[in-house]
Amino acid sequence: MKFLLGVKMRKRSRFKLLKYLAVAGLITLLVIFAFNDTLLWPSLPKKTPTPKNLHDVISPSTYRFILNQPELCEKKKSPFLVLMIPVTLESREARTAIRRTWGQHGLIPGVDILHLFVVGQPAQSDPVLQEHFERESNEYGDIIQMNFVDSYHNLTIKTMMIMNWIATYCQGALYTMKIDADVFLNVRYLVDYLHGRDESSRKDYITGSVISDAVPHRDSSNKWYIPEDLYPDTWYPPYVSGAAYVFSTDLARKISWASRFVRPIPLEDVYVGMCLQVLGVKPVYATQFLGLRNLFEVRRLSYERCTFSKRIVVNGFNPQNLIRIWHDFQKSQSTC
Ligand SMILES: *[C@@H]1O[C@H](CO)[C@@H](O)[C@H](O)[C@H]1NC(C)=O
């Protein structure tokens, strides 16, 4: 009897041990799953890396810098804002206009703002133009250039180049803005707006004009045509219009990382939206008065000093018009 009891006890304690092991194993599995965000956010697309040859096309590591400013950001330590402006080699006039208007140094006293023009290469190489360009770069120190062909279709490469540059050389910046050269920027309003955000906007924050119900264009004559084999889904994820958007600098590194799981498409703003979806980050609409006023005005709006003083950006300005309105706009601070 005693002997039998002993066997039973031993069996029971062995059983207990097995139970502990099973529970411990289960907890470990739960912890692993909890850190695996596919379980936390079941609606996210499964993360399968894009085939290397496809990812390489948009990966900045495929290309090399012809012009770089690796120390620009270090000198400023941690700028409040970095403006990244995609342009082509040829658009000297636009660069000049921006340097004289919203890109000028010291525009907002006490707030460090940098700007950089982001450039590829012309399809036909032009050594004379390149030489002039390099002289301009030496003079102003505000140009970065990589050796991919600059074209509308390659804007996704350029956007990834922006993310990569910020992640590599300017992690200390608080915010980054991607802004097209033909956009009017009300720097003061933007700075005040960002100063008004709470701490949460320092991380996983991206704002602009959010487009949340867009569908792919399947008509091949459309400027934004996208074939089904490149993008099979019926809807695009929410994304910010590419003309101008602002994000907390941590997102540059995260978007670069996420891009490994997102097949390249030639629509750069939608592409950033797809990367944000992988990250589980929702772009935020920048509006005032319960959404009645869109602060990132992507429509064209004819110039009116006090209307413009209450917007962050307005789209559709050529260099002459930008310079023309800038002088008058300076009066908005005292008159609007
Ligand atoms: C995009 O850039 C790559 C690399 O320079 C080039 O091979 C390709 O032709 C470009 N595509 C377009 C449509 O310009």
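For ligands, and for the atoms within them, numbers begin at 1 and follow the listed sequence.
The side-chain hydrogen bond (donor to acceptor under 3.5 Å, both in side chains) contacts involving residues 221-230 comprise Tyr152-Trp224, His217-Asn222, Asp219-Ser221, where partners must be two or more places apart or lie in separate chains. Under the disulfide bond (SG atoms under 2.5 Å apart) criterion, no residue pair touches residues 206-287, with sequence neighbours excluded.
No donor-acceptor pair under 3.5 Å is formed between the side chain of Gln277 and the backbone N or O of Gly273.
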Could you list each nitrogen or oxygen of ligand 1 that sits under 3.5 Å from a protein nitrogen or oxygen, with the atom names and the distance?
unit_1: ligand 1; atom_1: 2 (O); unit_2: Asn154; atom_2: ND2; d: 2.3
unit_1: ligand 1; atom_1: 5 (O); unit_2: Val149; atom_2: N; d: 3.0
unit_1: ligand 1; atom_1: 11 (N); unit_2: Asn154; atom_2: ND2; d: 3.1
unit_1: ligand 1; atom_1: 14 (O); unit_2: Ser151; atom_2: OG; d: 2.8

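Among the candidates Val314, Asp180, Ile98, Ile179, the single residue satisfying the side chain to side chain contact (heavy atoms under 4.5 Å, CB included) test with Leu185 is Ile179.
Ionic pairing of Arg99 and Glu139 is not present here: no N-O contact between side-chain nitrogen and carboxylate oxygen is shorter than 4.0 angstrom.
Partners of Arg135 by side chain to side chain donor-acceptor pair (under 3.5 Å), not counting sequence neighbours, listed by chain and number: Glu131.
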